[in-house]
Amino acid sequence: MELPDDSALTRTGLAASGEGKVLLLACGALAREVLALIRLNDWQLYDLHCLPAILHNHPERIGPAVEQAVERFRADYDDIFVLYADCGTGGQLETTCDRLGIEMLAGPHCYSFFDGDAAFAARDEVTAFYLTDFLARQFETFVIKPLGLDRHPELRDMYFGNYDRLVYLAQTEDPALTAQAEAAAHRLGLAFERRFTGYGDLATAMAARAGA
């Protein structure tokens with residue numbers, strides 16, 4: 001499966017190939033990581049369909065979009081596994097998946113499952129702002145522009161004054177992405193910390209589902 005660029009993953013997502021027995025229904029922000037895990041482990045039972053990552057800016061739309069996709073694809077696969085955590089839906093997505101009889105990832109959001117849900121909860125980092133690889137690449141689209149900081153940079157401290165650092169949860173060893181994340185921290189006036197997580201609980205959940 002060919003990976004679209006980040007702009008396409010943000011706005012339109014990624015269409016399933018129609019191959020495999022289990023459909024992974026994921027956020028576009030996870031496409032690169034999910035495909036890397038499939039290739040690394042030769043998990044041929046999996047197919048991937050990604051919803052637009054920009055849905056994260058409107059969490060109330062995630063549940064309905066997941067339900068629509070499940071109904072669209074249910075007859076074509078033996079099973080569907082939803083690769084979203086709660087992602088700001090306030091339990092709505094879990095309720096939707098329970099009603100549909102579909103399993104989803106555990107945890108509050110991707111920062112947690114990349115870091116490992118137990119480790120993330122134990123840290124209790126209430127003054128940290130997080131980026132992943134995808135968000136480091138798409139910082140303008142998901143942070144700067146939605147908050148209007150491209151037009152009104154003077155609002156920065158109003159939004160980020162209660163944070164003391166930006167934590168970059170890195171899925172890969174990429175010096176260029178690290179530099180982008182550090183530049184984002186400086187732009188927000190925050191200290192910078194890089195934490196290599198790899199694929200965290202995402203890899204564990206996919207392996208368990210594959211019977212690995």
Side-chain angles (χ1 to χ4, degrees), residues 6 9 22 24-43 45-46 48 50-51 53 55-56 59 62-63 66 79-98 102-139 142-143 162-175 177-178 180-182 184-185 188 190-212:
D6 284 337
L9 291 171
V22 177
L24 302 173
L25 182 55
C27 172
L30 299 180
R32 190 180 302 267
E33 290 74 23
V34 172
L35 288 176
L37 284 166
I38 290 172
R39 290 165 182 157
L40 179 65
N41 295 282
D42 194 28
W43 284 329
L45 81 162
Y46 285 139
L48 175 64
C50 291
L51 301 178
L55 286 175
H56 277 287
I62 294 175
V66 166
D79 199 4
I80 296 176
F81 185 26
V82 173
L83 296 185
Y84 277 87
D86 180 74
C87 299
T89 70
Q92 179 197 48
L93 181 57
E94 183 179 6
T95 299
T96 298
C97 288
D98 285 347
I102 299 295
E103 186 179 352
M104 62 179 282
L105 285 174
H109 39 59
C110 63
Y111 314 126
S112 180
F113 67 66
F114 276 137
D115 201 20
D117 284 326
F120 187 88
R123 295 181 200 278
D124 194 27
E125 296 173 315
V126 296
T127 59
F129 183 78
Y130 298 96
L131 294 181
T132 62
D133 282 8
F134 181 85
L135 290 175
R137 293 191 300 269
Q138 291 289 294
F139 181 69
F142 281 84
V143 180
N162 292 325
Y163 294 100
D164 59 19
R165 67 196 184 282
L166 182 151
V167 179
Y168 168 40
L169 302 173
Q171 284 70 71
T172 56
E173 297 287 2
D174 187 328
L177 269 185
T178 298
Q180 286 180 250
E182 187 168 11
L188 299 182
L190 302 175
F192 177 69
E193 178 184 339
R194 181 185 183 275
R195 185 180 303 155
F196 179 74
T197 65
Y199 303 124
D201 288 349
L202 176 65
T204 304
M206 288 177 61
R209 196 73 175 193

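No hydrogens, no waters, no symmetry mates; every other heavy atom, side chains included, goes into these values. These numbers come from a predicted model, not from an experiment.
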[Y] backbone acceptor or donor facing [X] side chain under 3.5 Å:
X    : Y    : answer
D117 : D201 : no
Q138 : A136 : no
N41  : L37  : yes
D86  : T89  : yes

Rounded to the nearest 0.5 Å, what separation is found between the [atom1] atom of [X] and the [atom2] atom of [Y]?
X    : Y    : atom1 : atom2 : result
L83  : L30  : CG    : CG    : 7.0 Å
C110 : F120 : SG    : CZ    : 9.5 Å
L105 : S112 : CG    : OG    : 10.5 Å
Y111 : T197 : OH    : OG1   : 12.5 Å

Set of side chain to side chain donor-acceptor pair (under 3.5 Å) partners for [X], sequence neighbours left out:
X    : result
E125 : Y130, R165, R195
D79  : R209
D98  : none

Nearest heavy-atom neighbours spanning [X] and [Y]:
X    : Y    : result
L131 : A184 : CD1-CB, 3.9 Å
A191 : A185 : O-CB, 4.1 Å
A106 : A85  : O-CB, 4.1 Å
A170 : D133 : CA-OD1, 3.5 Å
G63  : L93  : CA-CD1, 4.0 Å
A26  : Y84  : C-CE1, 3.6 Å

Heavy-atom side-chain contact between [X] and [Y] under 4.5 Å:
X    : Y    : result
Y199 : T204 : no
F129 : V143 : yes
Q180 : F139 : no

Residue set satisfying salt bridge (Lys or Arg N to Asp or Glu O under 4.0 Å) with D6, at least two apart, ordered chain then number -> R32, R137
| Should L188 and Y163 be marked as a side chain to side chain contact (heavy atoms under 4.5 Å, CB included) after you check the CA-CA gap, both sets of side-chain angles, and the distance that decides it? | CA-CA 9 Å; L188 299 182; Y163 294 100; over 6 Å; no
Around E193, counting heavy atoms of other residues, nucleotides and ligands shown, do more than 12 lie under 6.0 Å from its CD? yes
Taken in chain and number order and not counting sequence neighbours, the residues that satisfy side-chain contact (heavy atoms from CB on, under 4.5 Å) with T178 are Y168, F192, R194
In sequence, state the C-alpha distance, the side-chain angles, and the governing distance for I62 and H56, and then conclude on side chain to side chain contact (heavy atoms under 4.5 Å, CB included). CA-CA 7 Å; I62 294 175; H56 277 287; 4.2 Å; yes
Across all chains, not counting sequence neighbours, the ring pair (Phe, Tyr, Trp, His ring centres under 6.0 Å) partners of Y46 are W43
Review point. What do the steps show when you test M206 against L24 for side chain to side chain contact (heavy atoms under 4.5 Å, CB included), and what is the final call?
Key: CA-CA 9 Å; M206 288 177 61; L24 302 173; 3.8 Å; yes
